[in-house]
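Some notes on the structure that comes next.
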Amino acid sequence: MDQRTPPQTEEGWYVLHDCRRIDWDAWRDAPQRTRDRALAEGIDFFEGYESLADVAERSSAGSQTESDYADEGQTAVYTVMGHKADLMILHLRPTMADLDAAERHFEQTEFAAFTERAYSYVSVTEASGYTEKAREYFDGEVDDDSGLAQYIQARLHPDIPDEEFVCFYPMSKRRDPEQNWYDTSFEERAAHIKRHGDIGRGYGGDVNQMICGSIGFDDWEWGITLWSDDMTHVKELLTEMRFDPSTSRFAEFGPFYVGRRFAPADLPAVLAGQRVPTDEADAPPAVGEDAPTRATATDAHAADSGHPGDTDGHDSAHPGSPGEGDHPHGGERADADHPAGSEADTAESAHSGGRPDVSGDFEEVDDAVGRVGRLGLHEGEAYDAGDYALVFHSSADAEDLVEEVSDLAESFDHYDRHVTTTVRAQSGQSYVVSVWTAKEAAETAAGFLGDLPGIEERVGGQLGEPDDDGGEADSGGETAASSQSIREELDAEGVYAGQPHGEDVYALVVYSEADPETLAEEVADLRSAFDRYDTHVRTTIYRDTDAETTAVASLWDTEDAAGTASDYLTDLPGVVRRQGAGEGFGTMGMFYTVKPEHREEFVEKFDTVGGLLAEMDGHRETALLANRDDENDMFIASQWDSREDAMAFFRSEEFSDTVSWGRDVLADRPRHVFLA
């Protein structure tokens, strides 16, 4: 058998999960003064190690010597539910020696005397080279100050998120004779990891994740730590992943430990069986205020570390991120899977556990509305007043930018602050426009956009003022034909135009040259997988009525779900292009369900309209496609040079006449999805 190729890896910080049982009989029998001293030492230890950003301050205060602490790292403490343990102490440290010191330091406290170790796990954060982008990083082809390099470094030196719940478990890959992960090819493993990571990315806003390698460190091969404010999200994620072959065929799991984080100042309440957080710990002082008591000092630091509950600010890898190693949760995107930052993303490194700053530079301008307007993005259609836009000019050809920008946009879409990221061409020049609901998120995204080929000019600016009164905000005359007015016009004619970030359905279409029968089998399997998700509407094969073209249309309730599904659709055999991709403006007229007695008449009418379209400025192509299993179900796909060209047709008298005629021959109300 041939020697298999392992992935390249880079290691970061060392990790210890230290699970403890409390000797409750000894605790109850101990004198109160002994318990008070144990609690005081326990609180001092956890506060000193929870974050090491204020080492100098603590050292000058004389509470501990500086040598007792590493320069970087974090510790968090959790209650553990169930019989396996009572507490979990999680340490992150730059070196194995720092980790060892933290472990031994705890053993010296009087509080530790009332505990016994129930379980422990040693590992190290890991990034692997399964993707082409990651391999470029490992091969030294990426600048150290690039967004990709800094992002991977951030994965290797994470912060511990402030989410309420933690779930830790170890795992290994199977090495059974018929299911041996290590006997599969590099390409097969990479495909498994990509597909599995696609599932994980769908939980990016709900679950944070840290994957650590432990081959040679502990009994299992990886240690997985998940954080969430709702444990049902963790359950849903892991349930979905259990049905993926990379788990069902190759994964073995160790014990699961589920805990709930508490502030060190609440240790007495935990030991007393009280509900935590306590009221005192629930009310931290403002950042920068003095902390007069031990309890508020802890919470003041939690606020100062940039974790006020904003999940966007967490630096731990969410499922599908590239810092995950050779593990089925690992994702494909090693370039921009975590762009949408919060204030924590630009905090000084002393308050971020050593996390690199991945934000990018750009010139702030006052005419952002005009700049994006000239590129076809208007308020109400592409963004809301008060959003923040980046406009990066590139010397590269627009078509060459589309694929990379599409990958970035797909990653950006996992974050609530992302509005849109797209390539625009004007007068032979290429531009990348990225819109976010907050400037600080745009600043982080700029670091990744700056890595695109040919980037020259970089500007950013606010898109008008937020409309606090709920009325129509003034856009300076740049949005004379907003999408809202377009939707109203079309709605009056019985056509639903949708919303760029809130369609009633999100439509995807791919075209294939594969044999229809072969394609039908593949799509049937894909449809069965899609049907497990509530967000799936339908996935259907269509045939062009005039050409040998086969299309697969997939409709979804949410944009994130459609984005994830797109990767699977493009993996279908013989795919040649994807509707709406590239430069230009695409529309799809969906739900043309024709009354059977009028089908021939409908096709003839389309031929007449097609002749009209061929003579219109900016029209590229229009096709009528019929459902392979129901010839009366059709959709019309069109491609235009620009949105303005398409809307000229939608506003035309001929289109109005066609819509009016259609009311008598259609069984359902057609709707248009814009794919600009």
Side-chain angles (χ1 to χ4, degrees), residues 127-138 141-143 146-152 154-155 190-191 193-202 204-205 317-324 330-341 358 360 390 392 394 396-415 417-425 430-436 441-442 444-455 506 508 510 559-572 575 577-583 675-676:
S128 68
Y130 270 117
T131 68
E132 182 177 353
K133 285 287 187 182
R135 289 194 291 275
E136 290 177 3
Y137 168 82
F138 285 112
E141 299 175 7
V142 177
D143 292 337
S146 69
L148 172 60
Q150 294 188 41
Y151 175 71
I152 290 180
R155 300 277 66 78
I193 287 174
K194 176 187 181 300
R195 186 180 61 251
H196 209 64
D198 288 339
I199 297 173
R201 276 189 291 275
H318 67 63
S321 74
E324 297 180 354
E332 180 216 15
R333 310 288 180 207
D335 48 355
D337 206 27
H338 199 283
V358 297
L390 300 171
F392 282 28
S394 173
D397 185 82
E399 292 185 2
D400 295 336
L401 289 170
V402 166
E403 184 175 355
E404 290 197 53
V405 172
S406 177
D407 287 345
L408 278 179
E410 182 178 343
S411 297
F412 289 169
D413 280 340
H414 292 299
Y415 301 92
R417 297 184 178 193
H418 183 235
V419 178
T420 186
T421 297
T422 183
V423 177
R424 297 287 165 148
S430 303
Y431 298 88
V432 179
V433 182
S434 189
V435 182
W436 299 78
T444 303
F448 298 100
L449 296 173
D451 289 339
L452 291 169
I455 294 298
Y506 291 82
L508 302 166
V510 294
E559 189 173 18
D560 280 349
T564 300
S566 66
D567 285 344
Y568 294 91
L569 291 172
T570 53
D571 286 338
L572 289 170
V575 169
R577 63 188 175 91
R578 178 170 156 187
Q579 181 69 14
E583 184 184 352
L675 299 172

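The figures that follow rest on heavy atoms only: side chains count, while hydrogens, waters and symmetry mates do not. Numbers here are sequence positions counted from 1.
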List the atom of [X], the atom of [Y], and the distance in Å for their closest heavy-atom pair.
X: Leu390; Y: Ala442; value: CD1-O, 3.2 Å
X: His418; Y: Ala409; value: CE1-O, 3.9 Å
X: Pro453; Y: Ser394; value: O-OG, 2.7 Å

Name all residues meeting the side-chain hydrogen bond (donor to acceptor under 3.5 Å, both in side chains) criterion together with Ser430; count only those two or more places apart in sequence or in a different chain, and write none if there are none. none
Considering residues at least two apart in sequence or located in another chain, which fulfil the side-chain contact (heavy atoms from CB on, under 4.5 Å) criterion with Asp400?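 Only Asp397 meet the side-chain contact (heavy atoms from CB on, under 4.5 Å) criterion with Asp400.
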So how far is it from Trp436 CH2 to Arg417 CZ, rounded to the nearest 0.5 Å? 9.5 Å
Are the side chains of Leu452 and Leu408 in contact, using a 4.5 Å heavy-atom criterion?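 Leu408 vs Leu452: side chains touch.
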Would you please name every residue forming a ring pair (Phe, Tyr, Trp, His ring centres under 6.0 Å) with Tyr568, sequence neighbours left out?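 With neighbours one apart ignored, the set is empty.
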Kindly say whether Val405 contributes a backbone atom to a donor-acceptor pair with the side chain of Thr421 at under 3.5 angstrom?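 It does not hold such a pair.
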